[in-house]
Amino acid sequence: RCLLLLAALCFSAVTHAHEQPKLNTHFHAERLGGVGPAAITVCNLTSTVFELSRPDFYEYMHAITALQGLANRDQPVLYFLLTPSDQEWLQWLQAPNRWLASTHITYENNLDKLLQTFHEAYLGAVVYDPTLTATALLASTSAGAENLLPFANRTSTNSSAPTLYDRYIKSGAIPVHRSISAAMFTGKVTGSRKGDAYVWAIDTFIKSKLANAAFMGYYLDYFWVHANPCCGNHNLDYLQATVSNQDFFIAKKGFFWDLDTWADEAPNDDPTQPPGTDLKVLQLVAQAAYDQTNGSTMIHVGGFVPWAYKYVTPFGKHGGVDTEWQTVKVLSAYNMFIDGDACCIAAMANAAFFHHYQLQERYTPQPFPAKQDLINKGFLTADGHVVPKSYALWYAGDYDSAAWLYGQLKGNWDDPARGNVPIGWAVDSGLSARFPVIYDYLYATRTPNDTMISGDSSPVGYLNPSQLFPPRAYSNLPSAGPTWIAANLRWARKFGLSFSGFVINGAMPMTPPATAAYAAFSQNGAVFQRASTPDSFLTGNTPILHEASDIGEADPAAAAATMCKFVSTDPRKPVFVMFRTILRTAGFMADTVQEIAKQCPQLEIVRPLEAAFLARAYDGGSNEDIVTFLQDSLPRSLPSGSSHSVKVDARNDGWNSIPTGTLWQATFCLQPAGPCAVAANAPVAATVPPQATFSVTAALTAPTTKGTYQFEYQMNSVNGTAFHSLSYAVVVQVV
């Protein structure tokens, strides 16, 4: 990923110029994002923070980021300008008919005035000890859990350049509510003062439920202050401290940590600890989080292995990718997915602000491949057999991090060549918690050649699927399969996703339970990084394809040469492969397709769902009985026992006509665990040909028991079997 990232960043500087795509006129949002705040304060940090010393920068960003997280917890009021993306998205949101179109903006850069303006957001200060660098993240946890601002206990000998501690703590301006001293931790518990600090934090914040362990921040502690600068650029090095990324997790009362995941070494930030202590402590943190959430939710971990400063070569004996895979393996064992803010584009501000942006209830996928269209393109014979060719799809990633999504995708998406060739844009849905804005932008400006798919490893986000099913190394916990599938279904239904573009499982093989799970939420296909066979196969009715290669070449001709190596030499059967790019523009992929036409014109670049439908047809699956639900008229709040006439609009995305008498069935399920009851069975009134839209109307009665319900509906064939497509479900309140 590192080498591919460097190639992508270098190449993006010389590729196509960007222009703003037009919004599709049919996009059905009266005001994108909902009703925006009446007024906000914008603070421009770029004029001051990069001139500070490393200690002053970390401490300033730490305090002001906590202020932002606390101030924005209940409503969006404080916005920072730290990276170019902050200004770009602020301007976009201020345009007519968008979230901040009517919002009054006050600009304020003075910290004293910001603290006064938002004084009701915090109760006082938590003071930490910079001589034990881990205490900085304990202070971050305290900040969110106890509504405090973090300050390092560090004074200045220069009265004309006081530290924040001098200005606000020694002066008594902000009262101290908690002090975390290095002297509190001796190493007697774990053999490490760092480890003891986290054990204390587990007891103080997770087990007490002061912190919300469903949200965790894996961000650099104060060690960054003492580390050698990275990246060959002063400002970029400062941004990689990722202190600004903490705001969302502070707003969520999350728990913060910075720990190594290897059992055979002591980390470079704590070299005297017994080898593996960091890993053991992380297991304690993860188990406590699992216990607090009762194993009933997927835990959101923001951040990533701090490659530039810790834990990997040259600071340790393991490489970057190996350490990434090891980290994800450990976290997955405890129901965690990682929102991977990785170096060296890791910085993101304002996630706590963006979190209040309201997305639409559902986003409609584009029509699935029609049989006649595939015949017309020469991919199917007239009698429906797959033509034996080499079929390839583009995977545009790696948008498995809110920071990468925020800072990189728009520029690559806005390339004027987008729409010229088929591309699968892989965006993990779980990232919408931190940056929902871009989802409206993508769905409103996509072309027929832009297919929205999930990235690694599912709509929820990046994890190792096999580690969710027993035996689960490191945790030995029971299966998380039902929890993971339910979370994926929620995101797949919302964003109209039916294809998982890149299933990473680390160095482990995909186990049968993990493979089978994709049939439950990714009904139109998945691509495995390490497939057991180069041939496509079915799990249930879901086709499984494999990745052929990452494309790291900067030159389109060289990229095409790599791709041409995977053209099948067997004229008797088709092959289906994926090529993965990282942070590449649409123009790069379009130029590469032009080179493919010169070098190996027999390689067909197809849309992801075209590859999936062809593979399913070849492998003996069914492309029939598939519908996409477009909208329904059921109110989301219902008086108990009330009667309603509900209309549901749908599209026939299968290759067969839907016959008269096919049933639309709806159920109400009391949350969280039932009971469930059938609410309606309504027949289709007339035959529906492929690609046609249709409506079903049914009379139903709301439950008599008040509460929160899942209203779920599906199409069933005349003989009673469910269609191959996903059901749809919404949350309804019965009052």
Side-chain angles (χ1 to χ4, degrees), residues 20-42 68-80 85-106 118 121 215 247-248 251-252 300 348-365 402 405-406 409-410 413 427-446 452 459 490-497 629-638 708 710-711 728-733 735:
Q20 295 294 324
K22 294 180 179 179
L23 292 179
N24 295 337
T25 56
H26 65 271
F27 196 64
H28 56 283
E30 293 182 2
R31 177 186 288 272
L32 293 180
V35 178
I40 65 172
T41 298
V42 174
Q68 186 185 40
L70 296 174
N72 287 331
R73 174 174 285 162
D74 297 323
Q75 57 184 337
V77 292
L78 180 57
Y79 191 95
F80 289 167
S85 297
D86 301 321
Q87 183 64 55
E88 180 179 27
W89 284 109
L90 178 63
Q91 290 178 343
W92 191 85
L93 286 167
Q94 289 178 281
N97 203 40
R98 296 181 190 160
W99 192 39
L100 303 181
S102 303
T103 300
H104 175 75
I105 295 179
T106 299
F118 300 105
F215 295 92
D247 66 318
F248 172 83
K252 289 292 186 180
H300 186 158
M348 178 183 183
N350 301 310
F353 182 94
F354 292 129
H355 179 66
H356 296 281
Y357 182 97
Q358 295 178 18
L359 289 169
Q360 297 180 64
E361 183 181 81
R362 74 177 90 188
Y363 294 80
T364 303
L405 187 67
Y406 182 56
L409 178 52
K410 187 174 184 296
W413 176 271
V427 181
D428 285 342
S429 304
L431 307 181
S432 63
R434 290 174 65 201
F435 189 48
V437 178
I438 199 167
Y439 294 81
D440 271 346
Y441 184 73
L442 298 176
Y443 280 81
T445 57
R446 61 186 171 170
M452 306 310 300
R490 193 161 56 246
W491 290 122
R493 288 164 173 155
K494 182 176 186 65
F495 289 111
L497 300 174
F629 293 110
L630 306 176
Q631 61 185 355
D632 65 76
S633 64
L634 183 73
R636 299 316 186 226
S637 180
L638 305 173
T708 300
Q710 178 169 282
F711 178 67
Y728 194 78
V730 297
V731 174
V732 173
Q733 300 296 327
V735 297

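Throughout, numbering of the chain's residues begins at 1 and tracks the sequence. Source: prediction; values computed, not measured.
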(request) Quick one: closest heavy-atom pair of P76 and P37, and the distance? (result) O-CB, 3.5 Å

(request) Output all residues satisfying salt bridge (Lys or Arg N to Asp or Glu O under 4.0 Å) with R493, sequence neighbours left out; order by chain, then residue number. (result) E712

(request) State whether the side chain of T103 and the backbone N or O of A38 hold a donor-acceptor pair below 3.5 Å, judged by distance alone. (result) no

(request) Any chance you could measure I105, atom CD1, to L100, atom CG, to the nearest 0.5 Å? (result) 6.5 Å

(message) How long is the straight-line distance from OG1 of T364 back to CD of Q631, given to the nearest 0.5 Å?
(response) 8.0 Å

(message) I'd like to know if the side chain of D247 and the backbone of A351 have a donor-acceptor N/O pair within less than 3.5 Å.
(response) yes

(request) For P365 and R446, work out which heavy atoms get closest and say how close. (result) CA-NH1, 4.1 Å

(request) Is it possible for you to check whether R362 lies under 6.0 Å from the centre of the six-membered ring of Y728, through NZ or CZ, and within 45° of that ring's axis? (result) yes

(message) Quick one about Q733 and S637 (side-chain donor to acceptor, distance below 3.5 Å, no hydrogens or angles considered), yes or no?
(response) no

(request) First locate atom OG of S429, then atom OH of Y363, and finally report the distance between them rounded to the nearest 0.5 Å. (result) 11.0 Å

(request) State whether the side chain of Y439 and the backbone N or O of Q360 hold a donor-acceptor pair below 3.5 Å, judged by distance alone. (result) no

(request) Check L359 against P436 and note the closest heavy-atom contact, atom names and distance. (result) CD2-O, 3.2 Å

(message) Can a donor-acceptor pair be found, under 3.5 Å and without considering hydrogens, that links the side chain of H355 to the backbone of A433?
(response) yes

(request) Report yes or no: does N72 contribute a side-chain atom to a donor-acceptor pair with the main-chain N or O of L78 at less than 3.5 Å? (result) yes

(request) Starting at CD1 of I438, measure out to CG of L405 and round the result to the nearest 0.5 Å. (result) 4.5 Å

(message) I want to know whether F248 and F354 have ring centres closer than 6.0 Å.
(response) no

(message) Closer than 3.5 angstrom, by distance alone: can the side chain of N350 be matched with the main-chain N or O of Y79 as a donor-acceptor pair?
(response) no

(request) Please confirm whether the backbone N or O of L634 pairs with a side-chain atom of D632, one donor and one acceptor, at under 3.5 Å? (result) yes

(request) Would you please classify the geometry between the W89 ring and the W92 ring as parallel, tilted or perpendicular, with 30° and 60° separating the classes? (result) perpendicular

(message) Ignoring hydrogens and geometry beyond distance, is a side-chain donor-acceptor pair present between S432 and W491 at under 3.5 Å?
(response) no

(message) Return the CH2 to NE2 distance between W99 and H356, rounded to the nearest 0.5 Å.
(response) 7.0 Å

(request) Evaluate the criterion ring pair (Phe, Tyr, Trp, His ring centres under 6.0 Å) for residue pair F353 and F435; output intermediate values, then yes/no. (result) CA-CA 9 Å; F353 182 94; F435 189 48; over 10 Å; no

(message) Can you give me the closest heavy-atom contact between H300 and G430, atom names plus distance?
(response) CE1-O, 4.1 Å

(request) Drop me the distance from Q68's CD to F80's CZ, to the nearest 0.5 angstrom. (result) 4.0 Å

(request) Measure across A352 and A251 and return the closest heavy-atom pair with its distance rounded to 0.1 Å. (result) CB-CB, 4.0 Å

(message) Any carboxylate oxygen within less than 4.0 angstrom of a Lys/Arg side-chain nitrogen, looking at E361 and K494?
(response) no

